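All residue numbers in this chain count up from 1 along the given sequence. Small disclaimer: the values here were computed from a predicted structure and weren't measured.
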Amino acid sequence: MDQRTDTAPKAAVRQGYMSRNRLAVSLLFLMNGFVTGSWAPKIPEFKDRLGIGESVLGLLILVFGIGSLVLMPIAGGYIARIGSQKVAKVTAVVLSPLLLVLTLVPNVWTAAIGMFLLGGFVGAMDVAMNANAVEVEKSMRRAIMSSCHAYWSLGGLIGAGIGGFLMARVGVLPHAILVTCLCAAILAAAWPMILADQPHPAAAKGELKLPLTPLPWLVGLMALFSMVPEGAVLDWGALYLRNELGASVELSGFGFAAFSATMAAMRFAGDHVRDRFGATTTLRVCTVTALVGMVLAGLAPNAAFAVLGFAIAGIGISNMVPIAFSAGGNMPGLQPGIGLAVATTMGYSGMLFAPSLIGFIAEHSGFAVIFASLPVLFVVVLLLSHHAIHADQGREH
């Protein structure tokens, strides 16, 4: 037991590092990330099988984003009514076979429905598992959100890493079946251990509405401006290294790999840092680190310096989003799930839609200007960073 809790009331005693509830929610993050990562290497085959061009594929990916933005707030409302455990279980069950569904769709119209459902249930499950992680944080009296997001990053890396290999070795359909089976196995392991949280009494009776107070929207803005640069590196980092800095095909892939590796590593360490220094200080140090890394990437004279910049940016961005989500889930006077739905919806809209706008701007300006300008968003996060204090609520009282 942590000796720092000796003088605290019994109800506030901090639990051990890995409780059953924490393991369960970590597995949910791993599964969600695994599905998302497994989808990425399927995109070229998906495009060829349907016989569509880049423009139609772009519209289908937009439908994925629309699905997320539609179902995320709905999930937040149901979390307030029935609790995050039930919503997480239902969304995870529906999500598990959707990659298999997309492997079997015969035409563009059914593919659009499948993309809407995939994006919608990836997003809805995301809100539910983040809400459950907030409740586990409260019950354990310790930060866990960063490591939960580390498991998501790990799941994404595993899904993307083995996807292409498996499709080449065993085929597209067996790969999709295997992904579905692995998701079912992960969910079965987590199922009996998922924390059963209580719905908000007022939410169970009253009509659910978007918050009218500015605080959850400001926290959502923090999440949005933290995730836009993440989406930019994900979608455009390799193209920037290849086309503007003359990187080889092998080296151009290292930009996002370095970014992902440092992000995953620092997310596993982030909870300990946050427990030691508090959410506000951690967010400020992370934001400054991300700012330095992104400036270095944008002003890099060659690909190696840009990769280093992306790695440093990954260290910083790693814990910005988990802290914003924890703050969103602990808004004072707000129904559970509602503040978190605002933060997650605004945050993920940055990853889903901003890269399209960035691509359009980059056609005229180049990516170096984009990456050198993105740190302006981090300055806004710094100005709003005092709101991160809410991320520590529920653990200290």
Side-chain angles (χ1 to χ4, degrees), residues 28 30-75 87-129 152 155-188 231 234-235 238-239 345 348-349 351-353 355-356 359-360:
L28 292 179
L30 182 75
M31 178 197 144
N32 190 282
F34 179 64
V35 171
T36 307
S38 297
W39 162 243
K42 285 183 68 67
I43 293 175
E45 178 276 330
F46 179 75
K47 174 179 174 291
D48 293 341
R49 180 165 50 85
L50 295 176
I52 57 177
E54 281 79 5
S55 58
V56 176
L57 178 63
L59 289 174
L60 287 174
I61 291 173
L62 183 64
V63 170
F64 178 99
I66 292 171
S68 290
L69 294 187
V70 169
L71 267 64
M72 284 171 116
I74 294 174
V87 178
K89 286 182 173 181
V90 170
T91 52
V93 167
V94 177
L95 176 61
S96 295
L98 286 180
L99 216 62
L100 179 58
V101 170
L102 279 171
T103 306
L104 298 173
V105 291
N107 55 52
V108 172
W109 298 108
T110 50
I113 296 170
M115 288 291 282
F116 182 89
L117 292 174
L118 180 65
F121 281 95
V122 164
M125 182 185 172
D126 197 287
V127 177
M129 66 193 190
W152 189 94
L157 286 172
I158 293 171
I162 69 172
F165 175 82
L166 286 174
M167 283 188 285
R169 296 296 187 280
V170 301
V172 174
L173 183 59
H175 166 255
I177 294 171
L178 181 61
V179 168
T180 303
C181 292
L182 286 174
C183 287
I186 294 170
L187 185 56
L234 171 64
D235 289 317
L239 206 61
T345 302
Y348 282 104
S349 68
M351 277 194 73
L352 293 166
F353 295 109
S356 300
F360 175 77

Donor-acceptor check, side chain of S68 to backbone of G119, threshold 3.5 angstrom: yes or no? yes

Sequence neighbours excluded, the answer for side-chain contact (heavy atoms from CB on, under 4.5 Å) partners of L178 is L166, L182

Residues that L187 engages under side-chain contact (heavy atoms from CB on, under 4.5 Å), provided they are two or more places apart: L28, M31, A92, V93, S96, W191

Work out which heavy atom in [X] is nearest to a heavy atom in [Y]; give both atom names and the distance.
{"X": "S38", "Y": "L99", "answer": "CB-CD2, 3.6 Å"}
{"X": "T91", "Y": "A88", "answer": "OG1-O, 3.1 Å"}
{"X": "V35", "Y": "C183", "answer": "CG2-SG, 3.4 Å"}

Pairs in or reaching into residues 30-50: which pass ring-ring contact (aromatic ring centres under 6.0 Å, His included), with residues at least two apart or in two chains? W39-F46

Atom pair [atom1] ([X]) and [atom2] ([Y]), whose distance is rounded to the nearest 0.5 Å:
{"X": "F116", "Y": "I66", "atom1": "CZ", "atom2": "CD1", "result": "8.0 Å"}
{"X": "H175", "Y": "I162", "atom1": "NE2", "atom2": "CD1", "result": "6.0 Å"}
{"X": "L50", "Y": "T110", "atom1": "CG", "atom2": "OG1", "result": "7.5 Å"}
{"X": "I186", "Y": "C181", "atom1": "CD1", "atom2": "SG", "result": "11.5 Å"}

Evaluate the side-chain proximity of [Y] to [X]: yes if any heavy-atom separation is below 4.5 Å, no if none is.
{"X": "L118", "Y": "V101", "result": "no"}
{"X": "L95", "Y": "L98", "result": "yes"}
{"X": "L117", "Y": "L71", "result": "no"}
{"X": "R49", "Y": "V105", "result": "yes"}

For D48, side chain to side chain donor-acceptor pair (under 3.5 Å) partners two or more places apart: none

With T103, which residues qualify under side chain to side chain donor-acceptor pair (under 3.5 Å), at least two apart? K42

Side-chain donor-acceptor contacts of residues 120-127 below 3.5 Å, not counting sequence neighbours, with atom names and distances?
from: D126; atom 1: OD1; to: N130; atom 2: ND2; distance (Å): 2.7
from: D126; atom 1: OD1; to: Y348; atom 2: OH; distance (Å): 3.3
from: D126; atom 1: OD2; to: Y348; atom 2: OH; distance (Å): 2.9

Candidate pair L173 and L100, rule side chain to side chain contact (heavy atoms under 4.5 Å, CB included), full reasoning: CA-CA 7 Å; L173 183 59; L100 179 58; 3.7 Å; yes

